[in-house]
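The next block holds one structure in the form of C-alpha cells; read it before the comments.
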Amino acid sequence: MVSRSCISLLDFASGNMINFSQSPRSLPRIMTVPGIISDEDVDGTNDGISDAPSTGSCAKMIIVSNFLPLNAQKDLNSGIWSFSFDEDSLLLQMKDGFSAIPEVVYVGSLRVDVDSSEQEEVSQKLLEEFNCVPTFIPPDIYKKFYHGFCKHHLWPLFHYMLPLCPDHGNHFDRLLWQAYVSANKIFADKVTEVINNTEEDYVWVHDYHLMVLPTFLRKRFNRIKLGFFLHSPFPSSEIYRTLLVRDEILKALLNADLIGFHTFDYARHFLSCCSRMLGLDYESKRGHIGLEYFGRTVYIKILPVGIHMGRVESALNHPSSSIKVKEIQEQFKGKRLVIGVDDMDIFKGISLKLLAVEHLLLQNSELQGKLVLVQIVNPARSSGKDVQEEKMEIYSITKRINDTFGFPGYEPVVLIDRHVPFCEKTAYYALAECCIVNAVRDGMNLIPYKYIVCRQGTPKMDEALGVASGSRHTSSLVVSEFTGCSPSLSGAIRVNPWDIEAVANAVATAINMPDLEKQLRHGKHYCYVSSHDVAYWARSFMQDLKRACKDHYSKRCWGIGFGLNFRILSLSPSFRKLSNDHIISAYKRTSKRAIFLDYDGTMVPHTSLAKTPTPEVISVLNNLCADPMNSVFIVSGRGKKSLSDWFVQCENLGIAAEHGYFFRFEHRSHSRKVTSPLLRWSGMSDWETSSLAVDFDWKNIAEPVMRLYTEATDGSYIEVKESALVWHHQDADPDFGSCQAKELLDHLENVLANDPVAVKRGQNIVEVKPQGVTKGFVAEKVLSKMIASGKPPGFVLCIGDDRSDEDMFESISKTPYSSSLPSAPAIFACTVGQKPSKARYYLDDTVDVLALLQCLADASSSNLSSTETQVSFDNLVRKELVLVLIILSFYTLGFLLKLVSDINSSVACFVGIDAGALHNARWDDEEFVVSIKHD
C-alpha cells in the first residue's frame with residue numbers, strides 16, 4: 001500500500017543519512033560482482049524494484065516535486081478532507097506532453113498539515129482519485145527543510161545573495177542541511193513505493209528543493225531513467241562555490257541522466273562549476289551537451305518552460321473575464337494602462353519598478369493624469385524580515401507617488417495586494433498597453449507569455465472589448481535582462497532593472513511605439529509562445545530523456561562511494577578492469593612479449609610536481625627488461641634528452657620520444673642458450689629519426705601564433721620540441737584556458753592547412769606535430785620488426801592514459817600477427833582511468849599500473865630462476881654421463897691390451913689402465929678435457 005511515510009530518526013541522528021528507512025517493499029539486492037543485474041532476485045522472486053529489464057508493465061511517468069498539484073481543504077465540522085486539482089499548477093499542465101505515456105503519478109507534499117491518524121486514509125484517497133502519492137514530512141523536519149535550508153540558504157544563494165551580514169541571508173547551518181537531506185530521503189522512499197519497472201518507468205524531479213534526491217534514487221535503482229529540471233537560476237561558480245555542501249549537490253545532480261535549465265546562462269554556470277570543482281569537461285555531441293561522468297554521459301537540456309495555451313484561452317472566454325474587462329474599462333477610461341504582476345519577493349524588483357514610474361512621470365509631464373500602473377502583488381511564498389521590509393518599501397513609494405502626482409479621481413499607481421483570481425488577471429492583461437517585468441533575478445517568469453496570449457485575445461474577449469473582428473492585435477513588453485524569459489522574447493525592450501532612468505525611458509518607448517511596430521513585435525512573440533507551450537516543453541524534455549537513457553542496459557554498472565558521494569560506474573561489457581591473475585597467466589604462457597608504456601599519467605601521476613621516475617619505476621623496468629623474453633618500450637611525448645637522462649640506468653629498455661619521432665633500439669642476441677626475440681637498446685645506441693617528416697618550416701608559422709595566445713592567457717606556456725610545438729594551459733583558468741585552446745586549435749588549423757602537420761588537442765594542451773608521427777606508428781614499427789625477424793610476440797601489453805595513446809591501442813589490435821603462432825596472441829590494451837577508450841581494459845591510476853608491472857616482473861624472476869635451475873641440472877647430468885662413458889671406455893681398452901699381451905709375448909710394453917688412473921678432469925663451456933696417467 002502506498003501510504004506508509006516515515007524516516008529512521010536513529011539513522012538521521014547518527015549521521016548515516018544514506019541508509020534508507022524500512023519500506024513496505026524489500027530493499028533491492030546489492031551487486032557484489034560486476035555484471036548486468038539479472039531478472040531474478042536472490043530468492044527467485046521479482047520484488048518489483050529490481051534493476052533488471054522486464055516487460056511485464058507499461059511505461060509510467062513519475063513526477064516528483066515539493067508540492068503536489070492539489071488544493072486541499074478540511075471541513076472543520078465534519079472533519080472530511082476535500083481535494084481538487086490546482087489548474088494553475090505547471091505540473092498538472094505538463095501532462096499534455098505525455099500523450100504516449102499511459103499513466104502519470106505525482107509524488108510530493110500537501111500544502112496543509114495532515115494529522116498522523118489521517119495520513120493512511122488521505123494517502124489512499126489521493127492515490128485512487130488523483131494518482132498522487134503524498135510525502136508526509138514531520139513538521140519539525142519540514143520547517144528546517146523548506147523554510148530553513150531551501151528558503152534561507154539555497155533560494156538567496158541561487159539569486160546571487162550572499163550571507164555577508166544577518167540582513168542578507170543566514171550563515172550555513174549544518175542542522176538545516178541534515179533536514180534537507182532527510183526530507184529528500186522521504187521523497188526517495190515514496191518514489192520507491194511507486195516505481196514498478198525501471199526499464200519502462202521514468203522519473204522527473206523538479207527544482208532546487210530536491211537536488212540530492214537523484215543520489216538516493218540512483219543508489220536504489222542503478223539504471224533508473226531519471227531527469228531533473230531546475231526552475232530557478234543557477235548562480236555563477238564564484239557564487240556557488242561559497243556553499244559549504246557544493247560538491248555534494250553537484251555530485252547528486254550528476255546522478256540524473258538529463259539535467260534541464262531554462263537558459264544557456266544557467267547551464268553554462270552549472271558546467272563551469274563541474275569543471276572547476278570536479279574537473280569535468282563537457283562537449284557537444286550532435287547538438288546535445290554532455291558530461292562524461294564515470295562512464296555515464298549526463299546530458300544538459302536548455303529549454304524554457306511555456307504556458308498552457310488552453311488554460312489562458314479558457315479564462316479569456318469565461319463570462320467573469322468579460323464582466324471584469326468592462327469594469328476595468330470603465331474604471332480607467334481615458335487612461336493608458338500598464339500592468340505588472342509579481343510575487344511579494346525581494347528579487348522581483350517591484351520597488352525599482354515603482355521608482356522608474358516615478359521618474360517617468362517626473363520627466364514626462366504629458367503622462368501625468370493619463371498613465372496608470374496597476375501592480376498586482378501575489379502573496380509571499382515565504383515569510384521573513386526581508387519580505388516585510390520589501391513590503392513596507394513598496395507601500396511607502398506607492399504612497400509618495402500617488403501623493404505627488406495623484407489628484408481626486410486619479411492615482412498613478414494602483415496597488416492590489418491580495419489574491420487575484422486568474423480570470424481577473426486576464427482582464428487586466430487584455431486591457432494593458434504595456435507589461436513590465438523588472439525582476440533583479442528570476443528563474444523564468446511566465447507573466448509576459450500570459451500577457452501576450454491575452455493581448456491576442458479570443459472572439460469573445462474581442463467582443464467584450466469592443467474590438468472589430470479580424471483586427472490586428474498589439475502588445476509591448478519591457479523585460480529585465482536578468483529573467484529567464486528574456487532570451488526568448490526578442491521583440492521585448494530589455495532593461496537593466498537597477499538603471500531606473502533606463503527603465504523609465506523603456507516604458508515611455510513602449511507606450512509611444514507606432515502601432516505597426518507593436519503589431520509586428522506582438523506577432524513575433526505570439527508565434528513563439530503559442531508553439532513553445534508547456535506541452536512542447538514536456539514532450540521535448542521526455543524525448544531527450546529517452547535518448548539519454550537508451551544505453552542503460554547495454555552497460556555494466558557498479559555502485560561506488562559512500563553517502564552523498566555515491567555514484568555509478570558504468571562501463572561497456574567488453575571494457576573491464578585488468579585482472580592481475582588473468583594477465584599473469586597469459587604472460588607466463590608466452591616466450592615472446594612486447595610491452596609498450598606511456599610515461600606521464602601512466603608511470604607517474606599528472607599531479608606530481610616531480611616528473612622524474614621514482615626508484616620504484618626504475619626497479620620495475622629493470623626487472624622487466626632483465627627477462628630475455630621481453631621487449632619493453634617507453635613511448636612518450638617528452639623530448640629525447642629528458643627520457644634518455646631519466647632512464648640511463650635501465651639497460652635493454654627501448655625509448656620512443658616525441659610520440660615516436662625519435663626512437664632507439666637494436667636487435668641483440670643474448671649470451672644465454674634461451675632464444676632471444678628482442679628488439680632492445682643499450683645506452684650507447686644512437687637515436688633514430690622518423691622518415692615521415694623532414695621539413696619544419698611550419699614552426700615559423702605556428703610558434704608566433706602560439707606566442708600570441710600565451711601572452712593573452714595567464715598561466716599558459718609553450719613547450720618547444722625538436723619535432724613539435726605544444727601549448728599548455730593546465731595552470732590557466734579552466735574556463736578561459738579551454739576557450740582559448742578551442743580558438744587556438746581553429747586558428748592553427750587555418751594557417752597550417754597546406755602544411756604536412758597535424759594539429760591536435762589533448763588534455764590541457766594543443767599540439768602541432770608532423771603528420772603520421774604517432775605512438776601508434778611506434779607500436780606498429782616495433783611489432784613489424786619482431787614479426788619480420790620470424791619471432792612474432794605471443795603477448796602484447798600497452799598501457800596509456802590520454803588521447804595520444806589511443807593510436808597505440810588501435811595499432812596493436814590491428815597489426816597482422818604471424819600465422820606461425822599456435823594461437824592468437826594475447827593482446828592487452830589498457831587505459832588509465834575509467835573513460836571512453838579504444839582499450840578493452842582499464843586500471844584506476846598509476847599505483848595500479850606499477851602494481852601490475854611489479855607482478856609481471858615477479859613472474860619473470862620466477863621463470864628465470866626455474867629456467868636456470870633446469871639448465872644447471874641438465875648440464876650436470878650430461879657431464880656425469882660423459883664421465884661414466886669415458887671410464888668404461890678405458891676399462892675396455894685395458895682389457896683388450898692385456899688380451900693382446902697374453903697372445904703375443906713379444907710385446908715389449910704393457911699398458912695398464914684402471915679407475916685410479918683418472919686423476920684430473922675439468923670442464924669449460926665448450927669441451928671436456930681428461931688427463932690420464934700411464935704406467
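Since this is a predicted model, take the numbers as computed values, not measurements.
- Under the rule for a side chain to side chain donor-acceptor pair (under 3.5 Å), Gln763 has no partner lying at least two apart in sequence or in another chain.
- Residues meeting the side-chain contact (heavy atoms from CB on, under 4.5 Å) test with Cys739, sequence neighbours left out: none.
- Here salt bridge (Lys or Arg N to Asp or Glu O under 4.0 Å) pairs that include residues 562-578, with residues two or more places apart or in two chains, are Lys577-Asp844, Lys577-Asp848.
- Residues passing the side-chain contact (heavy atoms from CB on, under 4.5 Å) test with Glu743, sequence neighbours excluded: Tyr709.
- Under the side chain to side chain donor-acceptor pair (under 3.5 Å) criterion, Trp204 pairs with no residue at all, not counting sequence neighbours.
- For Tyr282, there are no ring pair (Phe, Tyr, Trp, His ring centres under 6.0 Å) partners at least two apart in sequence or on another chain.
- The side chain to side chain donor-acceptor pair (under 3.5 Å) search around His159 returns none, not counting sequence neighbours.
- Under the side-chain contact (heavy atoms from CB on, under 4.5 Å) criterion, Pro734 pairs with Ser275, Arg276, sequence neighbours left out.
- Taking the side-chain contact (heavy atoms from CB on, under 4.5 Å) definition, one finds that Thr297 meets it with Lys285, Glu292, Tyr299, sequence neighbours left out.
- Partners of Thr815 by side chain to side chain donor-acceptor pair (under 3.5 Å), not counting sequence neighbours: none found.
- Partners of Tyr841 by ring pair (Phe, Tyr, Trp, His ring centres under 6.0 Å), not counting sequence neighbours, listed by chain and number: Phe828.
- Residues passing the ring pair (Phe, Tyr, Trp, His ring centres under 6.0 Å) test with Phe736, sequence neighbours excluded: none.
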